Amino acid sequence: NDLSELENEEIIDAVKVNLYKTGSVFKALQLCKALKNAKLPIIVGCEEKCVETNDTFIADFAVAVGAGQFSGGGLDSGECLCKYNRLLEISKEDESITYVGKKFRNT
C-alpha cells in the first residue's frame, strides 16, 4: 500500500481530508478508511464552502472517522466557532467518545 510506505518512510505525519474537495461523503469515508488502515493520522478540515455556513456536519464527520485533529477555521468567525462548539457538545453527550481532549491523546 502506497499510504503505509509514506508513513513507514516518515515522509508524512498526517493527511488532511477536506470533505468538500473529495467529491462526496462516501469518497471521504473511503479515504479515511484507507488512511486508518495505513496507520496515518487524519486531520479533518474545511475549506471556504464549509467556513461560510453554520452547518456543523463536518465536526460530526471528524468524530465519526476518528480524526485526531480538526481544522475548522479561525475562532473569530461565528460560522467557524459553531463547528468547535459542536465538538464540545459531542464530548458532553457521550463521554466514551475518544475524540476530544486527553482521552484521545492517551488511546
Side-chain angles (χ1 to χ4, degrees):
N1 184 324
D2 293 336
L3 289 173
S4 58
E5 284 182 37
L6 292 171
E7 198 274 334
N8 290 336
E9 297 295 324
E10 297 180 356
I11 295 171
I12 58 175
D13 294 320
V15 176
K16 184 175 181 182
V17 176
N18 288 314
L19 187 60
Y20 297 99
K21 287 193 172 192
T22 58
S24 70
V25 173
F26 180 74
K27 287 182 182 179
L29 287 170
Q30 286 180 315
L31 175 57
C32 290
K33 183 177 178 181
L35 293 170
K36 286 281 188 184
N37 288 340
K39 296 183 178 21
L40 284 165
I42 300 167
I43 303 168
V44 169
C46 45
E47 296 296 321
E48 293 170 12
K49 289 181 184 178
C50 178
V51 173
E52 296 172 354
T53 176
N54 286 333
D55 183 9
T56 59
F57 172 76
I58 195 155
D60 292 278
F61 180 85
V63 173
V65 298
Q69 297 179 49
F70 179 75
S71 174
L75 297 177
D76 58 341
S77 161
E79 291 83 3
C80 297
L81 191 57
C82 71
K83 293 162 184 57
Y84 293 106
N85 285 339
R86 177 64 185 138
L87 290 175
L88 292 173
E89 289 172 9
I90 293 168
S91 70
K92 291 176 184 174
E93 288 172 7
D94 186 349
E95 293 181 11
S96 68
I97 293 175
T98 58
Y99 178 81
V100 180
K102 294 179 184 179
K103 289 182 187 177
F104 181 82
R105 292 183 187 97
N106 293 330
T107 58

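The model shown is predicted, which means the values in this text are computed figures rather than measured ones.
Listed here is the closest heavy atom pair of R86 and D60: NH2-OD1, 2.8 Å. The two residues G73 and Y84 make their nearest non-hydrogen contact at O-OH, 3.1 Å. Minimum heavy-atom separation, C82 to T56: O-CG2, 3.5 Å. When every heavy atom of G74 is checked against every heavy atom of C80, the shortest pair comes out as O-CB, 3.1 Å. Heavy-atom minimum distance, S71 versus K16: OG-NZ, 3.6 Å. Residues V17 and A28 come closest through the heavy atom pair CG1-CB, 4.4 Å.
Using a distance-only test at 3.5 Å, with no hydrogens or angles considered, a donor-acceptor pair links the side chain of K36 to the main chain of G66.
The closest side-chain heavy-atom distance from F61 to L29 is below 4.5 Å. Side-chain contact between V44 and L19: absent, with no pair of heavy atoms (C-beta onward) separated by less than 4.5 Å.
For the pair E89 and K92, the salt-bridge criterion is not met [side-chain N within less than 4.0 Å of a carboxylate O].
If you take CG on D55 and NZ on K83, they are separated by 6.5 Å, rounding to the nearest 0.5 Å.
In the hydrophobic clustering of ILVMFWY residues, with side-chain heavy atoms under 4.5 Å counting as a link, L75 and L87 come out together. Linking Ile, Leu, Val, Met, Phe, Trp and Tyr residues whenever their side-chain heavy atoms come within less than 4.5 Å leaves F57 and I43 in two separate clusters.
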